[in-house]
Protein chains: 2
Amino acid sequence: MNVGGAPENGQVVIGLNAVIVAIIEEQPKVLVVQHTPETLTAQHETLTDRALPHDDRHEALPFGPFYPLKHRTLESGLRSWVEEQTNHEIGYVEQLYTFGNAGRDPREGAGGPRVVSVGYLALVQDTRPTAIENAVWQSWYHYFPWEDWRDGPPRILEKDIIPALRKWIAGSATREQREERYERACITFGLDDTPWSDELVLERYELLYEANLVNESQDGKSKPLPVDCRGTPMALDHRRILATAIGRLRGKIKYRPVVFELMPPTFTLLQLQRVVEALSGTQLHKQNFRRLIEKKGLVEDTGKIESQTGGRPASQFRFRREVLMERQALGVRHN
Amino acid sequence: MNVGGAPENGQVVIGLNAVIVAIIEEQPKVLVVQHTPETLTAQHETLTDRALPHDDRHEALPFGPFYPLKHRTLESGLRSWVEEQTNHEIGYVEQLYTFGNAGRDPREGAGGPRVVSVGYLALVQDTRPTAIENAVWQSWYHYFPWEDWRDGPPRILEKDIIPALRKWIAGSATREQREERYERACITFGLDDTPWSDELVLERYELLYEANLVNESQDGKSKPLPVDCRGTPMALDHRRILATAIGRLRGKIKYRPVVFELMPPTFTLLQLQRVVEALSGTQLHKQNFRRLIEKKGLVEDTGKIESQTGGRPASQFRFRREVLMERQALGVRHN
DNA sequence: CCTCATGTGCTCAATTTGAGTATAAGTGTG
DNA sequence: CACACTTATACTCAAATTGAGCACATGAGG
């Protein structure tokens, strides 16, 4: 019996996609690879026996294959190639989701193996240049400009997205559909005074995708949308994976102390706040944020003083590693 | 180039494990298959070219292979075999986690393919007998007796587990290790007045596993532990998958209205409360629970009356399906 | 009619949250 | 050096939420 790879059942390869996040100058950045057909071939070594369609020369998430004989676990497989290729030590790693849709990788299909991708979120502090060719740190709001509310509602929402959504709602075939679309747009995009919820990143992206308002969903006939307006597209379904990661991280920081994985060893409370704000894309009330952090006891004063604040010098704090185990239940819940 | 199934890289098969949950008579039940070597062979059709070790004739989670040529998505693959085999319509399905550890399936190894399992949580209401041979609904507290706090702290905790944990803590090699173990036991098992957290199901199981306090982790030399005391073991790593599912579901009901997937079309508020209690393994304050539910507006009075309550008749309610989209942010947060 | 069991409305204090005022302690400027 | 400007930090206060409980309603069964 032909176990597993039985041709009649189709073949499967497992890929590991990493969303590697760091904060650089108060911006939430992800490591992306600028693909040309050549670098793609080099990267996807085992996968690219076929050329990529022209369309897919987009920025991509770093990707590595999973070798069942070499890697004891999925996570160790991920860690090994990421650390090897980026020279970064990755502290926190979390499995996000496994993506197995047919057609998610255009190179599959007739004869090609099905590519099932396990997405991971990794948090790093160290942002030295990586050894990955063509890899750069890119703000994640580059891909999701409507997610950054740190300076109030993003202009692109008011000016472009919401009108387009209203048109999409109005273009419904039936009344039911219209109501459903309206409802959905309200929840995800905060139409008509519905509150904005920072965690619905994936839900928003999927709505835009279905409504044909992002470039990935263009059919190739209509002319592509202006890129800087609806965010930069990514290769394959990578923007979806990134949306999953952002949503997950935004949710997680509210109840687990994962922010500290992105912080330097010591930091001021305002620096911490800026990082939380960068991730969640919102603004926080400074005094209340400070009260919250102190109450949780996640942090302790080092006694040292930071004086490059531009104002009164601030105490430097350190994350109390002890509490990583202690009270799993606490993060930096804001709003 | 031998794509994907390249022998030098090892082969991979993808399996789909389902934790199918229903509430029957106020107990949270999961569908398990009582494996004999024969049924196992039938079930794991593509996988069992090798006999299972004797040890693994345990209860197992229903399992189905993923056929990349037949199934467009992982989820549809799961849905199709579950619905076909159980005759149950499954409403809610959620991907849990992808398990790819080497050695998680003893049938891999020399020459065998690596079995990567994608675990899913499915919620059903309908509990008619299934068409799966040897499948039965089993209370999940059968496998995790220490997780049921509905009648106060479970006796097994005080009498057996906590003493065993203290012994494990005391048996540490170094002072650091002792402190770490103590800390961890406090958080997960609520030692010494640390509060019990219902969501840490997996963390508790893993601690017991590492401390050699559950049967799966027995080395085969020492005599097996009394089963009814530390919960019934399951095949392979299925108890871990189940723990993941319970923890996830307990967390989820607090912020998403997923409980209703387990409810009949109409129900009284007490019935709803009992279901939440069954899932979370805790007791809730009746009046406050009612206040919470009403405030959220998740539910509407049908006008009908249930009089089989044993006391004053109760109003029957219905879940407002509309809110499934509406405010994603709300569940039945208790405690 | 009385008891028992549950359903349902309401109270009340403790705590948490959201928003703001006030003051401290640095930097750079005229 | 007085002054504006910036950030840090302490404290206040009202509104909202939560945890616990009392009281009464409404059925069944003796």
Side-chain angles (χ1 to χ4, degrees), chain A residues 25-26 149-150 152 195-198 253-255 266-277 280 282-318 327 329-335, chain B residues 26 149-150 152 195-198 253-255 263 266-277 280 282-318 327 329-335:
Chain A
E25 288 160 9
E26 306 197 343
W149 286 59
R150 284 176 293 176
W196 177 268
S197 172
D198 65 353
I253 53 172
K254 288 175 194 156
Y255 60 96
T266 82
F267 45 85
T268 69
L269 292 185
L270 186 59
Q271 284 165 358
L272 180 61
Q273 181 180 343
R274 293 284 178 245
V275 171
V276 173
E277 289 175 334
S280 69
T282 59
Q283 261 198 334
L284 302 172
H285 180 116
K286 179 152 50 161
Q287 295 93 321
N288 290 349
F289 179 78
R290 153 186 298 279
R291 174 174 68 187
L292 176 81
I293 295 298
E294 284 174 351
K295 192 184 54 179
K296 302 291 186 195
L298 295 173
V299 115
E300 69 191 353
D301 199 322
T302 60
K304 283 186 289 181
I305 297 290
E306 166 67 61
S307 29
Q308 309 304 306
T309 55
R312 171 175 169 179
S315 289
Q316 289 188 327
F317 290 82
R318 167 184 29 236
R327 18 209 187 136
L330 302 172
V332 286
R333 173 126 126 278
H334 43 277
N335 65 37
Chain B
E26 305 195 343
W149 285 58
R150 285 176 293 177
W196 178 266
S197 173
D198 65 353
I253 54 172
K254 288 175 194 158
Y255 60 97
M263 302 300 298
T266 81
F267 47 83
T268 68
L269 291 185
L270 186 59
Q271 284 164 359
L272 179 61
Q273 181 180 343
R274 293 283 178 247
V275 171
V276 173
E277 289 175 335
S280 69
T282 58
Q283 261 198 333
L284 303 173
H285 179 114
K286 181 155 40 167
Q287 295 94 318
N288 290 349
F289 180 78
R290 153 185 299 278
R291 175 176 65 185
L292 176 82
I293 296 297
E294 284 173 352
K295 192 185 52 177
K296 302 288 185 198
L298 295 172
V299 115
E300 70 191 352
D301 199 321
T302 61
K304 285 187 289 181
I305 297 289
E306 167 67 62
S307 30
Q308 309 304 305
T309 54
R312 171 175 169 178
S315 288
Q316 289 187 328
F317 290 81
R318 167 184 31 236
R327 20 208 187 137
L330 302 173
V332 286
R333 174 125 126 279
H334 41 279
N335 63 36

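Letters go in sequence order (proteins before strands), and every chain restarts at 1. Values below: every heavy atom of this structure, side chains too, minus hydrogens, waters and symmetry copies.
Distance A:Glu294 CD to D:dA8 P: 13 Å, rounded to the nearest Å. As a whole-Å value, the separation of B:Asp301 CG from C:dT8 P is 8 Å. Rounded to whole Å, atom C1' of C:dT15 lies 12 Å from atom NZ of A:Lys296. Counting to the nearest Å, the P atom of D:dA8 and the CZ atom of A:Arg274 are 8 Å from each other. In this structure, NZ of B:Lys286 is placed 13 Å from C1' of D:dA25, rounded to the nearest angstrom. When the C1' atom of C:dA19 is taken as reference, atom CD of A:Gln283 falls 14 Å away, rounded to whole Å. Summarising the geometry, the separation between CZ on B:Phe289 and P on D:dA20 is reported as 16 Å, rounded to the nearest angstrom.
Proximity of a side-chain donor or acceptor of A:Thr266 to a complementary backbone N or O of A:Gln316 within less than 3.5 Å is not detected. Using a distance-only test at 3.5 Å, with no hydrogens or angles considered, no donor-acceptor pair links the side chain of B:Glu294 to the main chain of B:Arg291. Listed for the A:Glu277 side chain is a donor-acceptor partner under 3.5 Å among the backbone atoms of A:Leu284.
Of all non-hydrogen atoms in A:Leu269 and A:Phe289, the two that sit nearest each other are O-CE2, 3.8 Å.
In terms of polar N and O atoms assigned as donor or acceptor, the side chain of B:Arg291 never comes within less than 3.5 Å of the base of C:dG9 in a complementary pairing.
Comparing C:dG26, C:dA19, D:dT26 against the side chain of B:Pro313 picks out D:dT26 as the nearest. Of all nucleotides listed (D:dG19, C:dG7, C:dT17), D:dG19 comes nearest to the side chain of B:Asn288.
Of the residues in residues 305-312 of chain A, those placing a heavy atom less than 4.0 Å from an atom of DNA chain D are A:Thr309, A:Gly310, A:Gly311, A:Arg312, in numerical order.
Of the two residues near DNA chain D, A:Gln287 and B:His285, the one whose nearest nucleotide lies more 5' is A:Gln287.
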